[in-house]
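For reference, the structure is listed below as structure tokens.
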Amino acid sequence: MNRSIVFFGPSRLLISAGLMLAVMGCSGHPGPAPESASDQSSEAARKVDAQRVANADATPEEWLTHGRTYREERFSPLDQIRAGNVSDLGLAWFADLPTRRGIETTPLMADGRLYVTAAWGHVLAYDARTGELLWHFDPKVPKAYARHACCDVVNRGVALWGDRVYAASLDGRLRALDRDNGQVIWEVDTRLNDHDSYTITGAPRVVNGKVIIGNGGAEMAVRGYVTAYDAQTGDEVWRFFTVPGDPSKGFEDKTQEWIASTWTGEWWKNGKGGGTAWDSFAFDPDLNLLYIGVGNAASWNRKVRSPEGGDNLFVSSIVAVDADTGAYRWHYQTTPGDHWDYTATQHMILAEIAINGGQREVIMQAPKNGFFYVLDRQTGELLSAEKYMPVTWATHVDLETGRPVEAAGVRDTDEDRPIVPGPSGSHNWHPMSFSPDTGYVYIPAKVSSGVYRDDFVTQRRKTIWTVNYEVSKMIALPDEMPFEERAATGAVLASGILIAWNPSTRQEVWRVPTGFYSGGGLLSTHGNLVFQGDLSGQFNAYAADTGETLWSYPTQGGIMGSPISYSLDGEQYVAVAQGWGGESSLPFGAISGPQGMVNISRLLVFKPGGQAKLPIVETQEETLEAHALAAASPETIENGRALYNTYCSVCHGGNAVSGGLVPDLRYRIGALAPAWRAIVIEGALVEAGMPGWAPFMSPEEADEILAYVAHEATLGHQRGEKRVVRR
Ligand code: CA
């Protein structure tokens with residue numbers, strides 16, 4: 001037994017950690033770690049406090065908070081790995097993660113340990129030198145809770161404060177864990193109630209000793225809010241509601257009374273408002289302002305939720321509040337009266353940049369709606385708003401009024417209305433990066449579009465789903481077709497583009513196509529590098545100034561997670577977690593990744609001269625079979641198609657084509673058909689994550705869906721369609 005093990009506490013814990021390694025088979029060591037390296041992992045976990053975070057730029061060897069600093073720049077000042085030598089980068093170690101769904105985590109590194117999250121909210125701590133698993137916390141989220149999640153059961157990371165790790169799980173729980181052993185110190189249920197579809201996928205932040213967390217759920221009718229909990233005790237300190245509640249029950253404060261005047265009708269019934277803050281925060285310690293990125297409205301369709309119009313504050317806004325009290329300070333609404341799922345939950349970055357000959361302290365965001373915003377972060381004054389991707393919903397943003405000028409007809413969605421971008425946005429949750437060296441913001445952007453129509457889903461589906469968007473309208477079109485033509489069809493376009501954006505000149509500097517859907521989160525470094533993984537499984541390094549591809553490493557599965565960099569014993573490392581999944585892989589299965597993509601959830605750590613090798617992935621080919629049920633009447637199949645795309649497509653893929661993360665029903669039709677009603681209506685596979693649809697769906701409707709899936713399987717069989725799956 002070496003000293004590192006002794007350090008980590010009572011023998012009971014040691015045994016469980018050792019067992020986990022054995023059971024999971026997930027220690028990815030290239031070989032036995034040298035005794036000396038292992039010994040060094042016993043360095044004490046020092047307290048993380050405001051001083052240590054504020055001093056982060058002076059200690060670039062660590063990565064203490066989600067965006068490395070409270071400014072959320074995701075820039076590493078390390079420069080041992082540089083544009084000139086990045087080709088020497090090799091795999092130092094890897095560790096397989098214990099889940100098989102999308103991985104969106106940003107690892108944190110403090111005191112020689114890496115803290116990462118996996119799907120559902122699992123938390124794992126590793127020795128950052130060797131990859132030795134130190135502890136693993138399983139939040140034991142009931143698998144049936146997946147039905148409350150719009151966009152996979154992902155998690156984006158932890159926060160460190162004091163001697164604790166703060167982490168949330170999909171079922172809305174926030175916990176303080178002991179940094180040394182992962183044991184729960186306190187746990188709170190952050191949900192307003194236990195019947196609305198609240199989820200947490202975002203990473204907590206800790207400011208001034210308070211743990212800040214929001215939630216998701218606007219697609220399923222919830223009221224959004226952000227809560228601050230005392231980091232020591234878990235007691236609630238303040239709660240800020242992002243949309244108003246039912247006026248007859250009284251407003252929480254004057255801010256709520258004021259924002260209610262921007263709503264009409266009975267929004268607290270028709271979608272409950274939405275405005276969930278499910279991901280992005282930033283903090284300015286000097287101004288003591290906490291910035292909250294607020295999501296889309298619910299219902300999406302304004303005619304349903306606020307029929308007489310109105311801006312509907314604070315949906316799709318950046319809101320600044322006092323970090324100690326949660327009191328409102330200012331807001332900027334990117335999409336007044338949102339109708340298209342244009343969240344402003346995207347990553348926000350604080351920086352000082354040159355504007356009109358002067359230096360300004362700004363906050364920057366590239367939300368879904370396609371405009372890049374630069375605001376004064378003290379006052380919220382709009383400084384610029386420029387299209388960073390193609391946009392058809394608005395012609396421009398009027399800098400005098402601060403409001404977008406909507407294009408004609410974009411709210412006339414009583415008929416199919418193709419609009420750019422679609423609900424997936426010009427940029428989704430994948431974090432950007434700002435390099436103070438180049439002055440550029442790197443954006444994991446994409447082109448997307450979608451078809452909106454009032455009666456899609458909202459009225460047809462008798463559940464709480466609130467969208468006015470039809471997944472089945474996605475079409476994969478030839479790359480050669482000009483963008484405008486493709487957008488006019490309403491096709492969901494599957495093209496990720498990494499762009500370098502100069503926020504001072506409001507111009508794109510360079511761009512690199514990153515293939516399917518969207519590239520992963522970003523890291524820039526003082527070595528003139530930008531790192532990003534993609535959904536084809538390549539982990540790439542680009543020159544930060546020119547966009548030239550300098551290095552590329554083939555991993556074995558799509559990457560969405562965000563890289564970080566750290567340094568130990570004078571060696572610089574780059575870490576990234578891979579694990580294909582997330583919002584793109586489920587509904588847009590046909591176009592979200594290469595055919596045959598598999599989910600391998602794994603932490604990968606690179607260093608110059610790294611020699612570790614990945615294991616061989618065994619795969620096999622599967623073909624589609626014809627099925628007798630395909631002989632059902634055309635009317636039955638059409639009904640089944642509509643029902644499928646209403647109830648099933650969000651997870652199993654539009655038009656019955658799954659990306660593979662959740663079963664492609666066509667490939668299992670023979671086995672599933674005999675038990676279909678038991679599974680679909682009664683929930684026989686609920687523990688596998690497949691909920692029963694009673695009472696929303698009738699058994700006869702389930703049968704129509706089965707006929708449709710059989711029809712699609714048979715068509716695929718006739719086309720000779722096949723796929724590659726992990727054995
Ligand atoms: Ca949304």
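Both ligands and their constituent atoms are indexed starting at 1 by order of listing.
Listed for the His430 side chain is no donor-acceptor partner under 3.5 Å among the backbone atoms of Pro444. Between the Thr514 side chain and the Gly496 main chain, a donor and an acceptor come within less than 3.5 Å of each other.
Checked against a 6.0 Å centroid threshold, the rings of Tyr225 and Tyr198 count as neighbours.
Closest approach between the Ca ion (ligand 1) and any N/O/S atom of Asp341 involves OD1. Minimum-distance N/O/S atom of Glu219 relative to the Ca ion (ligand 1): OE2.
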Run Arg223 and Glu252 through salt bridge (Lys or Arg N to Asp or Glu O under 4.0 Å) and show every step you take.
CA-CA 13 Å; Arg223 181 187 181 196; Glu252 285 82 2; 3.1 Å; yes
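Residue Thr276: no N/O/S atom is found under 3.0 Å from the Ca ion (ligand 1).
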